[in-house]
Amino acid sequence: MAKSNLYKGLVERYRDRLPVDGNTPVISLCEGDTPLIELHNLPKSLGLDVQMYVKFDGMNPTSSFKDRGMAMAVTKAAEKGAKAIVCASTGNTSAAAAAYAARAGMTAFVLIPEGKIPMGKLAQAIAHGAVVLQIRGNFDDGMRLVKEVASEAPVEIVNSVNPYRLQGQKTAALEIVEALGQAPDYHCIPVGNAGNISAYWIGFSEAAGCNTASCTLCNGKCPYLDNPMTESRPVMVGYQAAGAAPFLRNEPVEHPETLATAIRIGNPQSWDLAKAAVEESDGWFDEVTDEELLHTQSLLATLDGVFCEPASAVSVCGAIRDIKSGKIKAGSVVTCTLTGHGLKDTATAIAGREHVETINADLTSVKGAILKHV
Ligand code: F0G
């Protein structure tokens with residue numbers, strides 16, 4: 001048989017950069033290899049003098065970036081012989097955990113905040129057969145409980161406190177460097193529990209052949225440190241929703257609130273790693289309001305045809321503001337992570353919008369409706 005070119009997911013793709021060996025049973029749904037889309041119309045219509053790209057990680061198997069980390073976390077859980085995994089989640093982690101647990105023949109227990117995750121994400125957890133535990137509390141309460149229960153019950157935590165999650169998620173940064181042929185000047189990213197910004201910094205650092213204190217697994221022993229893919233690292237910019245912005249307050253937020261439910265988090269677990277990423281890269285944190293982020297979600301969808309979820313739009317939303325103010329310099333290459341697909345949360349995307357015209361089923365009505373718009 002001819003040699004197959006089948007893409008087998010990011011663990012195989014980056015095997016030499018990940019903590020796996022020949023005996024590791026790789027659990028994959030062909031995650032990763034997501035598009036880096038150059039925005040054409042949005043920067044032009046807003047007069048932004050930069051090259052702007054979105055890393056659309058909503059194009060993963062369960063439609064969010066969590067699949068990258070979950071592939072590694074569940075692979076390592078399988079290697080250990082684990083039978084069950086557990087996570088707290090605002091929705092996307094639970095969807096990914098449910099799917100990868102199904103693939104691995106494990107049970108997934110997911111703790112979600114009551115009434116605060118969109119139907120698309122809940123449907124995924126249920127469809128993949130997870131045990132869904134809705135708690136009368138928020139994500140931060142769930143996170144605390146997951147850490148407590150993991151020391152008393154035979155379950156592996158697959159939240160991003162599990163260092164294998166960050167190893168899987170760093171591959172998005174490697175893909176960006178490969179696609180551009182260099183590191184971007186700035187990388188903009190939504191921040192909730194703060195695992196992803198930490199993972200990108202590990203990835204960008206490895207790509208540039210620098211060691212970083214944040215690289216919790218390899219720490220100076222990475223084989224590719226002598227073999228860089230690019231010369232520089234980007235400035236890392238982390239954006240939060242204004243009602244859930246502990247990094248801006250420099251302390252946990254007790255009652256986080258935002259329509260971007262994915263990042264409705266007040267006590268981020270990867271606090272130190274995220275801080276280090278921003279400090280080491282001369283970057284910054286900032287916040288955007290719900291109104292601003294929803295507006296950006298709509299701009300992306302209507303101007304460039306990219307439909308992301310509200311929390312994802314935070315990266316582009318903040319970038320637009322910082323490009324306009326000159327904080328992000330003119331002429332730069334700017335990449336923004338779009339963490340999840342818009343179909344995850346359709347209710348928020350169309351709330352309050354006149355989106356459907358009802359007309360009679362005859363030619364006159366259809367023609368009249370078309371002529372009204374062209
Ligand atoms: N964007 C989306 C769509 C998310 O689902 C999350 C986190 C983030 C951004 C923030 O990433 O936590 O690494 O800083 N969602 C988690 C979940 C908390 O449970 O699905 P982070």
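Residues take their numbers from the sequence shown, with the count starting at 1. From a predicted model like this one, the values you see are computed outputs, not experimental measurements. Remember, it's 1-based here, ligands and their atoms both numbered in the order they're listed.
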Would the number of heavy atoms belonging to other residues, nucleotides or ligands and lying under 6.0 Å from CD of E291 be above 12? no

Evaluate L18 against K170 for side chain to side chain contact (heavy atoms under 4.5 Å, CB included), listing each step before the verdict. CA-CA 10 Å; L18 292 168; K170 79 180 180 187; 3.9 Å; yes

Apply salt bridge (Lys or Arg N to Asp or Glu O under 4.0 Å) to K367 and list each qualifying residue two or more places apart in sequence or on a separate chain. none

Which residue pairs pass the side-chain hydrogen bond (donor to acceptor under 3.5 Å, both in side chains) test when at least one of the two sits in residues 98-116, sequence neighbours left out? E31-Y100

Residue set satisfying side chain to side chain contact (heavy atoms under 4.5 Å, CB included) with D282, at least two apart, ordered chain then number -> none

Determine whether W284 and V235 satisfy the following criterion, side chain to side chain contact (heavy atoms under 4.5 Å, CB included), listing intermediate values before the conclusion. CA-CA 8 Å; W284 61 90; V235 172; 4.0 Å; yes

Would you mind listing each N/O atom of ligand 1 next to any protein N/O under 3.5 Å, plus the distance?
from, atom 1, to, atom 2, distance (Å)
ligand 1, 1 (N), T339, OG1, 2.7
ligand 1, 5 (O), N92, ND2, 2.8
ligand 1, 12 (O), N193, N, 2.7
ligand 1, 13 (O), G195, N, 3.2
ligand 1, 13 (O), N196, N, 2.8
ligand 1, 14 (O), G192, N, 2.8
ligand 1, 14 (O), N193, N, 3.2
ligand 1, 14 (O), A194, N, 2.7
ligand 1, 15 (N), K66, NZ, 3.0
ligand 1, 19 (O), S89, OG, 2.8
ligand 1, 19 (O), T90, N, 2.8
ligand 1, 19 (O), T90, OG1, 3.3
ligand 1, 19 (O), T93, OG1, 3.1
ligand 1, 20 (O), S89, OG, 3.4
ligand 1, 20 (O), N92, N, 3.1
ligand 1, 20 (O), T93, N, 2.8
ligand 1, 20 (O), T93, OG1, 3.1

